[in-house]
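Reckoned from all heavy atoms, side chains included, excluding hydrogens, waters and symmetry mates. Atoms within a ligand are numbered from 1 in the order they appear, just like the ligands themselves.
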Amino acid sequence: MGQVGIFGGTFDPVHWGHLLLAETALDQASLDKLIWVPSYNPPHKQVTDFEHRVAMVELAIADNPGFAVSLVEKNRCGTSFAINTLMDLSDCEPNAHWYWIVGLDAFQTLPHWYRGGELAQLCHWLIAPRLLSGENVTQSELICKQVEQQLHKQCISIHWQLMHIPLVGLSSSLIRNQCRKHHSIRYLVPEPVRIYITQHNLYGMGNRE
Ligand code: ATP
């Protein structure tokens with residue numbers, strides 16, 4: 001029985017913020033491995049082709065033996081829901097102790113996720129502070145406690161901890177915007193990812209060097 005982390009996201013594209021979060025989770029919770037799960041058909045989001053997003057994650061994590069990518073979401077029809085991902089991964093590793101890695105913005109919406117209450121109880125939550133319009137790190141704790149209380153009202157208990165991580169003001173949308181404006185994304189994403197984006201002309205980047 002191992003301790004396994006699940007890091008779901010659109011990764012459109014993967015950036016250094018994601019990598020720092022994943023490495024911190026591995027270290028802080030002494031995980032045996034962390035599985036990156038690119039979502040195939042996320043609710044409420046238009047995304048770049050799954051194959052491109054997976055290729056970029058693979059390039060980004062290639063040098064870290066603690067990381068793996070799962071294509072589990074591709075094998076399922078319809079919208080990608082987190083609870084199904086956990087169920088599918090548990091089928092392969094029935095004795096694992098599961099951790100879900102998530103940014104504060106996403107964790108805040110957990111009570112509204114499809115079968116979110118059920119999912120909340122099935123794993124331990126590792127939450128990365130993230131700047132949400134004007135909030136600071138101290139408030140991150142408060143926001144997590146509010147989510148906990150919301151779930152308690154539905155008789156749902158949840159185990160969570162904040163990750164010790166510096167705030168990183170990076171997002172995939174910021175990178176897509178930089179590309180659209182033909183601005184540099186060097187040092188915002190791992191170099192092989194930047195080269196992939198340029199070569200495949202993703203996000204309107206063209207052939208900028
Ligand atoms: P977008 O800008 O397209 O919404 P994103 O940067 O939030 O994308 P996702 O792939 O949607 O990236 O995020 C996957 C997970 O990583 C989410 O739980 C999100 O909260 C978290 N995350 C992403 N970037 C950061 C960051 N800079 N700090 C903390 N958490 C982050």
Could a heavy atom of [X] be found less than 4.0 Å from some atom of ligand 1?
X      : answer
Phe107 : no
Pro42  : no
Gly169 : no

Exercise. Would Ile195 and Phe11 show up in the same hydrophobic cluster when neighbours are defined by side-chain heavy atoms closer than 4.5 Å?
Worked result: no
Problem set entry | Gln46, CD atom: more than 12 neighbouring heavy atoms under 6.0 Å | no
Problem set entry | Aromatic ring proximity Tyr99/Trp125, centre distance under 6.0 Å | no
Exercise. Are the ring centres of Trp113 and Phe81 closer than 6.0 Å?
Worked result: no
Among protein heavy atoms, which lies nearest [atom], and at what distance?
atom                    : result
atom 20 (O) of ligand 1 : Asp105 OD1, 2.5 Å
atom 29 (C) of ligand 1 : Leu21 CD1, 3.4 Å
atom 1 (P) of ligand 1  : Ser173 OG, 3.4 Å
atom 18 (O) of ligand 1 : Gly103 N, 2.9 Å
atom 15 (C) of ligand 1 : Phe7 CE1, 3.6 Å

Exercise. In terms of side-chain heavy atoms, does Ser184 have a donor or acceptor partner in Gln178 at a distance below 3.5 Å?
Worked result: no
Exercise. Does a salt bridge link Glu51 with Lys74, judged by any charged N lying under 4.0 Å from a carboxylate O?
Worked result: yes
For this session: For the pair Glu148 and Lys153, find out whether any cationic side-chain nitrogen is under 4.0 Å from an anionic carboxylate oxygen.
Result: no
Out of [options], indicate the one that has the non-hydrogen atom closest to [atom].
atom                    : options                      : value
atom 14 (C) of ligand 1 : Ser172, Gly8, Ala128, Ala106 : Gly8
atom 11 (O) of ligand 1 : Lys45, Arg176, His18, His15  : Lys45
atom 25 (C) of ligand 1 : Arg53, Arg130, Gln108        : Arg130

